[in-house]
Amino acid sequence: MPQGRRYRTEGRRGVVNAEHSVHGGAAAGTAGTGFGTARAVLWLVAAVLAVRQAAAVLRHPPGERLTDLETWIGENGVLHVTGSLYDTGRFTGTPFAGLVLKPLARSAEQSLGIAWTFGTLLLVVALGLVAARALPGRVSRRTRLLAAPVAISLLMLSLPVRNSFSLGQTSIIPVLLVLLGCFVARGERVSGVLIGIGAALQPAVLLFVPLLWLTGRRSAAVTTTGVFAAGTAVAWFAMPGDSWVYWVHHVAGAGLGERPDSLANQSLHGALLRIGLEGPLEVALFVALAAVVVLLGLRRAVRYARDGQLLLAVALTGCVAIAVSPTAWQHQLLWVLLALVGRVGVRARDRLVWPAVVVLVMTLPGTMLLPNVGVLVPLRENAPLVAALAAACAVPFLTRTAPYFEEPVPTEYARPAPARWGRIPLAPFWKRLFSRPNLLLEVLAIRVGFSVYTQIRLAATGGREAAEEHGRQIHSIERALGIDIEHWVNHSVVDVKWAESFFNFYYSSFHFLVPLAILGVLYVRRPADYRWARSSLGFATVLALIGFWLYPLAPPRLMPGLGFIDTAHGPQDLTNPDYGALTALTNQYAAMPSLHFGWSLWCGVVIVVLAPKPWMKLLGVLHPLFTVCAIVATANHWVLDAVGGAAVVGAAFGLTYLLAGPRKLLPRAPALVKADPFPEGEVERQPELEPGHRA
């Protein structure tokens, strides 16, 4: 038999028997003590996240929790109204969903809320178990056992599940019905019944009918269509007026609920409305784009289903449904999270890029992923939609017949130079590379880290009284040490206008610019040193955040009665507890330690250690010197704040050394350089180093 025909035959058999496809040839593993501990910890994490999610809902009093559910089935809910379900515009489900939910309207809201919350927990657990069971490719027993708690934890953290919990939505049910129909149900008819019920609840699920038909499961496709038609007909017979409003007047629910151009609608229709298109032009463009997405997405889904990756095919079909639905609310975006099972990249170090991107997009709001820059706003507002479109139409997932599907090109790690102490590094698994890390992940990590830093910094206010009391403590200590020079420097600079302008400019211009520029240069020219420097900067920032929490401190410019002049921000109203609008932008009490000086000192150390030219090293020395003068002259920090900044930077370099070992790396041995089957841009050429030379 020709090789291509054999692969197609194997793939077709895998679609017919999904369970055999995803588990055939699974390697047996022995669960040792370490594995058992890891599994227990992962299940504990999943349980904690589940309890936290339930508590976040139930801690709200009745009437303030499960707001969508209360709107539908509460004491005065839509399902109690004698008129149309859609008169108020608050009910967005199908008439069949209304018919199913009506019996629940007789239950008391409080007991129903508790039962609904724990019922949703069980649905999420079931979804995670089924998804873990359906992983494509050869999966060891150990991986299967660990996949379930990891999947449940990711689901609990995802925005769609959190949204479903808080609103009391039912969007988890159609996804679970599809997975049960594809991976658990025995027999084509049972599978079709489950998927058909899911389609009756959420019409976009009908896109699974062509997937079933084109992959040889025609009986399931016919049954799905029949069950959907039967459920819709029953609802039409019981509620003809509502069915007319939903299917005809609102074109399968389009326009129900929130405004279709709101950020909550992550469909192509919503994206086109947000960029200003409307009317017949928008409708025509939406239909054309939807047709292209359906054609490309379903074609790719069929390809991966025939290849034996049925879970990936299901996820891609769901991503198509998100994009082409008139409305795709946040709680309906679970399909994107399932798409992380696809394998992308031939090298081992690239395999986690796609899953990491999906997890970030599905767990964090767009405001944390991308800055508020004009050119990035459309991408920021439509991040889940972009991820769905990428998964459905663009991401080059590997097929099971690809040579590197099971065993990617192994990662070649650098050889660390020996440390002075035998127990260093303390984290030997923290292996460094000569080559650059993935740029997309680095940019996302820096942006997300900065967003988290900003949120924690804003939250660590500590109160005005404590901050001013700590300010008096610092002032007293400096007076005792004879270093209370802030007032003299501040007023001396104010009397010299060019100096005031210079230090104001320096204070506001180089805090972020210089560290980012250094990281960029290191990423391009010295990737091994980039990893070490980036880690030390991250540790310094984390240690500083701990200082903000434990010791809120008012800077000199916000200390009443001491006569400091705020040269950088202008006069502040010290009688106003909020000090005007400035405190809405940043935490005014995050002064100890001074990251302004700490980051500049990090820049200076990195430049002095790595720069090849003496004049560059001189600039590295001048930058923290100018910075400490600027923060004192502008009355934004005490002298001891700079000392605190130096302390956290020193501790960060020390922590990096303890965990990762010395910065030096031994040169690459020629025998270790392996031929790459994809040489173009895959392996970076490294300069030849003399033994003992710094990498």
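Predicted model only: the values in this text are computed from it and were never measured.
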Taking the ring of [Y] and the ring of [X], is the distance between their centroids below 6.0 Å?
| X | Y | value |
| --- | --- | --- |
| F512 | F450 | yes |
| F564 | H487 | yes |
| F653 | F539 | no |

Look only at the side chain of [X] and the backbone of [Y], and say whether a donor-acceptor pair between them is shorter than 3.5 Å.
| X | Y | answer |
| --- | --- | --- |
| H596 | I631 | no |
| Y304 | F397 | yes |
| R347 | V409 | no |
| R162 | M156 | no |
| E486 | H475 | no |
| N504 | E500 | yes |

[X] and [Y]: side chain donor to acceptor below 3.5 Å:
| X | Y | answer |
| --- | --- | --- |
| S536 | W602 | yes |
| W599 | T541 | yes |
| R274 | N382 | yes |
| R349 | S435 | yes |
| Y506 | H623 | yes |

Note: R400-E406 ion pair, threshold 4.0 Å (strictly below): no
[atom1]/[X] to [atom2]/[Y] distance, rounded to the nearest 0.5 angstrom?
| X | Y | atom1 | atom2 | value |
| --- | --- | --- | --- | --- |
| S492 | I485 | OG | CD1 | 10.0 Å |
| L49 | S153 | CG | OG | 5.0 Å |
| T454 | M368 | OG1 | CE | 8.5 Å |

So, do [X] and [Y] sit near enough that their side-chain heavy atoms are less than 4.5 Å apart?
| X | Y | answer |
| --- | --- | --- |
| L610 | R663 | yes |
| R432 | W532 | yes |
| N163 | L333 | no |
| R380 | T367 | yes |
| V608 | V621 | yes |

My understanding is that only one of Y589, W638, Y551, F548 makes a ring pair (Phe, Tyr, Trp, His ring centres under 6.0 Å) with H470; could you say which? Y551
Output all residues satisfying ring pair (Phe, Tyr, Trp, His ring centres under 6.0 Å) with Y530, sequence neighbours left out; order by chain, then residue number. Y523
Determine, step by step, whether R436 and E442 satisfy the salt bridge (Lys or Arg N to Asp or Glu O under 4.0 Å) criterion, reporting the C-alpha distance in whole Å, the side-chain angles of both residues, the deciding distance to 0.1 Å, and the verdict. CA-CA 10 Å; R436 301 182 187 94; E442 289 298 303; over 6 Å; no
Tell me which one of L379, L385, V377 satisfies side-chain contact (heavy atoms from CB on, under 4.5 Å) with E381. V377
